[in-house]
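In what follows, a single structure is set out as structure tokens and then discussed.
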Amino acid sequence: MIRRWKAIVATGCLVLSTTLTAQAAEDEVLLRYKLQAGQPLRYRVTHLASTKTKIGDTAENSNVRTVSVKTWNVREVNPEGDMIFDHQIDSVEMTQQTGDAAEIRWNSQTDEIPPVQFGRVADKLGKVLGTIRINGQGQVLERSEGGGESSALGMGDITMPLPLDPVKVGGKWSVPREVKVKNEAGIQKPIKIRELFTLEKLQTGVATISIRSEPLTPIEDQVVRSQLVQQLSDGTIRFDVDAGHMLSRQLDWDARVVGFQGATSNMEYNARLTEELISSETETASKEKSILLK
């Protein structure tokens, strides 16, 4: 009887051990982009920003709101697994107000002629801004001239860099970045920044990843600091592990700089950028759905 009880306990421990091992393996995930040829990834991007500056007795407030729809049209996936896509902006709605001046508005879908301030944006709508080639880790291997997104908003590159190895919840990885600014003497100075990523949660095939920008170069010059406020952000990214693309992103900025143009000057910058996937069907899937509807 005792031997039988020991055997049952040993078997139970073995099952428990196997279960825990399997669970531990499931907690690790290999994050990779898996774009498909013919697939359009369409995102709605909303950017809100408020800047308050005071220099001596002069104060000025500036507010900007932009809602746009951008598309990545995946052209091909080559034999090496690299993904090549065209990046374009389909539509935009913009609002801008500075100080006591009248608010300027423009909606590309309803207004034919854009204000002069938005003319450069209007010229780019519906056109391929660049062709980008990335690998599964999201590393940009090649891009046409002018391709990709500006990093002026502290967003890094057009894709989120992914870790080389599988990562568990709580796992971290980082990517270096460098921006150039001018100090008080007008001399250009490189500032090293680290983008730190952390896998916060993994649930139903969706990885929730936090991102934080950390300056690695010591910053004492307030003129330099004022130029970095749009480069340093905190945020959250949701990534579809199975489909291999981003679902959403939110970045926040909240900064104040004192003394960037004299002892009585100060600047406050508050902003939020949100990006949400609104369509990701491949052309094949769309055709199949159309046939079924008929």
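Not measured: the values here are computed from a predicted model.
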Item to complete: Take M83 and R133 through the side-chain contact (heavy atoms from CB on, under 4.5 Å) test and state the conclusion after the steps.
Response: CA-CA 6 Å; M83 294 146 278; R133 177 167 66 95; over 6 Å; no
Discussion item. Does atom CD (E220) have a neighbourhood of more than 12 heavy atoms from anything else shown, all under 6.0 Å?
Written reply: no
Fill in: W173 side, atom CH2; L162 side, atom CG - distance, nearest 0.5 Å
6.5 Å
Item to complete: Check whether any side-chain heavy atom of E112 sits under 4.5 Å from a side-chain heavy atom of T110, and report yes or no.
Response: no
Discussion item. Starting from M267, can I reach V223 by hopping between I/L/V/M/F/W/Y residues whose side chains sit under 4.5 Å apart?
Written reply: no
Worksheet item: What distance separates Q39 CD from N73 CG, expressed to the nearest 0.5 Å?
Response: 10.0 Å
Response to the item:
To the nearest 0.5 Å, atom NE2 of H47 lies from atom CD of E275 at 12.0 Å
Practice prompt. Check salt bridge (Lys or Arg N to Asp or Glu O under 4.0 Å) between R65 and all other residues, then give those that pass, not counting sequence neighbours.
Written response: E93
Worksheet item: Which heavy-atom pair separates V241 from K34 by the least distance, and what is that distance?
Response: O-NZ, 3.2 Å
Response to the item:
CG (D221) and NZ (K182) are apart, to the nearest 0.5 Å, by 13.5 Å
Item to complete: Could you state whether L48 and V67 fall into the same hydrophobic cluster, counting links through intermediate Ile, Leu, Val, Met, Phe, Trp or Tyr residues with side-chain heavy atoms under 4.5 angstrom apart?
Response: no
Practice prompt. Please indicate whether K52 has more than 12 foreign heavy atoms, meaning atoms of other residues, nucleotides or ligands, lying under 6.0 Å from its NZ.
Written response: no
Discussion item. Just by distance, no angles: are the side chains of N266 and E268 close enough, under 3.5 Å, to form a donor-acceptor pair?
Written reply: no
Discussion item. I'd like to check I104 versus F118 (side-chain heavy atoms, cut-off strictly below 4.5 Å). Are they in contact?
Written reply: yes
Discussion item. Test of understanding: clusters of I, L, V, M, F, W, Y form through side-chain heavy atoms closer than 4.5 Å, transitively. Do V64 and W106 belong to the same one?
Written reply: no
Fill in: Distance, nearest 0.5 Å, that separates CD1 of I193 from CG of L228
5.5 Å
Worksheet entry | Aromatic plane relationship, F239 with Y33 - under 30° parallel, 30 to 60° tilted, over 60° perpendicular | perpendicular
Worksheet, complete the sentence: Rounded to the nearest 0.5 angstrom, the CG-CD distance for L164 and Q137 is 5.0 Å
Practice prompt. Check for a donor-acceptor pair, side chain of R225 on one end and backbone N or O of I219 on the other, with a separation under 3.5 Å.
Written response: yes
Discussion item. So which atom in L247 and which in Y43 form the shortest heavy-atom distance, rounded to 0.1 Å?
Written reply: O-CE2, 4.4 Å
Discussion item. So which atom in I237 and which in M246 form the shortest heavy-atom distance, rounded to 0.1 Å?
Written reply: CG2-CG, 3.8 Å
Worksheet item: Same cluster for L196 and L232 if Ile/Leu/Val/Met/Phe/Trp/Tyr side chains link at under 4.5 Å?
Response: no
Worksheet entry | Sidechain-backbone polar pair: S265 side chain, F260 backbone, donor-acceptor under 3.5 Å | yes
Worksheet entry | R44 CZ: over 12 foreign heavy atoms closer than 6.0 Å | no
Worksheet entry | Non-hydrogen side-chain atoms of V29 and L199 separated by less than 4.5 Å | yes
Worksheet item: Does a side-chain heavy-atom distance below 4.5 Å link W72 with I158?
Response: yes
Could you pull out every donor-acceptor pair under 3.5 Å between side chains of residues 122-130 and any protein atom, sequence neighbours left out?
unit_1 : atom_1 : unit_2 : atom_2 : d
K127   : NZ     : D123   : O      : 2.8

Practice prompt. Please report the shortest heavy-atom distance between V258 and R256, naming the atom on each side.
Written response: CG2-NE, 4.1 Å
Practice prompt. Run the numbers on T66 and V121 for side-chain contact (heavy atoms from CB on, under 4.5 Å), then give the verdict.
Written response: CA-CA 11 Å; T66 304; V121 176; over 6 Å; no
Discussion item. Can you confirm whether I278 is buried at CD1, in the sense that more than 12 heavy atoms of other residues, nucleotides or ligands lie under 6.0 Å from that atom?
Written reply: yes
Practice prompt. Given side-chain contact (heavy atoms from CB on, under 4.5 Å), test D254 with D252 step by step and report yes or no.
Written response: CA-CA 7 Å; D254 184 6; D252 292 294; over 6 Å; no
Worksheet item: Hey, are the side chains of L31 and P163 touching, using non-hydrogen atoms and a 4.5 Å cut-off?
Response: yes
Practice prompt. Mark yes when over 12 heavy atoms from residues, nucleotides or ligands other than E214 sit less than 6.0 Å from its CD; otherwise mark no.
Written response: yes
Item to complete: Locate the shortest heavy-atom distance separating V169 from E200; write the atom from each residue and the value.
Response: CG1-O, 3.4 Å
Discussion item. Take a 6.0 Å sphere around CZ of R75 and say whether it holds more than 12 heavy atoms from other residues, nucleotides or ligands.
Written reply: no
Worksheet item: Would you say the side chain of R177 lies within less than 4.5 Å of the side chain of Q231, judging by non-hydrogen atoms?
Response: yes
Worksheet item: Would you say V45 and V69 are hydrophobically clustered, going by side-chain heavy atoms of ILVMFWY under 4.5 Å?
Response: no
Worksheet entry | side-chain hydrogen bond (donor to acceptor under 3.5 Å, both in side chains) between N78 and E76, worked out | CA-CA 6 Å; N78 66 22; E76 63 175 291; 5.9 Å; no
Discussion item. Is there a side-chain contact between E195 and I211 in this structure, where contact means two heavy atoms from C-beta onward sitting under 4.5 Å apart?
Written reply: yes
Worksheet entry | Nearest atoms (heavy-atom pairs only) where S213 meets D234 | N-OD1, 4.1 Å
Worksheet item: When you look at V181 and N183, which way does the side-chain contact (heavy atoms from CB on, under 4.5 Å) test go after all the steps?
Response: CA-CA 7 Å; V181 298; N183 61 18; over 6 Å; no
Discussion item. Using only atom types and a distance under 3.5 Å, with no angle test, would you say the side chain of S144 pairs donor to acceptor with the backbone of T131?
Written reply: yes
Worksheet entry | Parallel, tilted or perpendicular: ring planes of W253 versus Y269, cut at 30 and 60 degrees | perpendicular
